Every structure is written in structure tokens, then in C-alpha cells.
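Just so you know, ligand 1 is whichever comes first in the structure, and atom 1 is the first atom listed for that ligand. These numbers come from a predicted model, not from an experiment. Computation of the quantities below employed the complete heavy-atom set of this structure, encompassing side-chain atoms and omitting hydrogens, waters and symmetry-equivalent molecules.
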Amino acid sequence: MSKNFYVTTPIYYVNGDPHVGSAYTTIAADVLARYKKSKGFDVFFLTGTDEHGQKVEEAAKMRELTPQAWTDSMAPRFIDMWKALDINYTDFIRTTEPRHKDAVKKILKTVHDKGDIYKGEYEGKYCVSCETFVPENQIVNGNHCPDCGKELRTVKEESYFFKMSKYQDALLDHIEKHPDFILPHSRKNEVVSFIKQGLQDLSISRNTFEWGIPI
Ligand SMILES: [Zn+2]
């Protein structure tokens, strides 16, 4: 019986060209995939591009292109880069592909049918670059993003939320019962202490821009 091994890079945002950081994570994944293959594993190595969101919409607008035209011009830059570096991936996914959109809709429907999605209102500090809301206690330098350092915007919008808080205890329980679920253990401890601070429900929709998968 062959053993399966799955590895993925982050999927890269197409608001700019691939850079040394994208090369670093992709080469690391490629090395790991080749090693596992040499050990007889059946390897699936995924990479791809993350093509939705406000900063992609803005990057397209700046060049007077539609977001689709912009992402269509950007994805090959990544593909060419991995070719130049002889990256031996199994599949390259673009989030504008129908197969990705179908998977997202299926997952959301499953979660919705379980009663874990509700409509609420979100007001918070938003980083356009990272496409994430930043909690008050993580804001740095007055009004800046802790991850990328850029200035935050105050955003208030109606939003769908995933009831992540509901799963806090189940997650802790699972991690405790399966000590090797997160490796290395130093990372496991980080995750556990993050969860113990309390999981917030997660805003999973945006209505301040158009370029996304409609819910
Ligand atoms: Zn940021």
C-alpha cells in the first residue's frame, strides 16, 4: 500500500510579481515533495494563485484592466517562474477557476446547512494589503498593520460570520488527544495558547468590493 503525502505552498496573491519570498516557499515545498517521492510516497504537490480581493481589484483598476484580464496576465508569470526554477508540482490552482469556485460554494453550503453561518455587522480596522481585520490589541504604531506595517482603514459592513467560537473546545480536545496533530510541538503550543485566548467568530464575506465569489 502506498503512502500518501500532500504538500501545498501558500497560494500567491497576484497583486504583484512573484518575488524571492514566493520562490523560497515554493523551493522548500519542492525539496520536500522530491524527498518524499524518493522515499516511495505518493506525493501531491499543490501551488497556485489567489486571484480575488480588494487589492487585486485595485491593482487592475490602476492599470485600467478588468480584474480577470489582470489575473490572466499575472498567473503565467508564476507558472513561468516555477518552470525556470524546475519546480515539479502536481497541480496549479487559480482561484478564479470554476473548480475552485464550486469547491468554495460546496463548503459554504455544508457549513450553512449545519447552522454555522449567520449574518451580522462588522466594524473594525481593516488591512487592504493583508485582506484581514486587525483586532484592537494587535494594532501597531497608532493605526498600522502588525503584519505588513501599512495603514489600516476603518471599515463597517454587513457580513456573514462563521461560528468559529463554537469549535474552540472541540479543537483543543482534538489537539490534546492527538499530540502529533500539529508539528513541531513548539508550533502546537503556540496554536493552543492562541485558541485558549478565545476564538472569535470569523467574518467570511466582504461587501465593499466586487471581485470575489458571490455568496
Ligand atoms: Zn497588512
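- For E210, the CD atom sits in a loose shell: 12 or fewer heavy atoms of surrounding residues, nucleotides or ligands are nearer than 6.0 Å.
- Protein N/O/S atoms nearer than 2.8 Å to the Zn ion (ligand 1) total 4.
- For residues 30-54, every residue pair satisfying the ring pair (Phe, Tyr, Trp, His ring centres under 6.0 Å) rule, not counting sequence neighbours, is listed here: H52-W211.
- Contact annotation: the side chain of V192 never approaches that of E176 to less than 4.5 Å [non-hydrogen atoms, C-beta and beyond].
- Screening residues 121-159 for ring pair (Phe, Tyr, Trp, His ring centres under 6.0 Å), with sequence neighbours left out, gives Y122-F133, Y122-F161, Y126-F133.
- Under a cut-off of 6.0 angstrom, the local environment of CD in E58 is crowded, with over 12 non-hydrogen atoms contributed by other residues, nucleotides or ligands.
- Every pair passing ring pair (Phe, Tyr, Trp, His ring centres under 6.0 Å) that includes a residue from residues 175-208 is listed here, sequence neighbours excluded: H174-H178, H174-F181.
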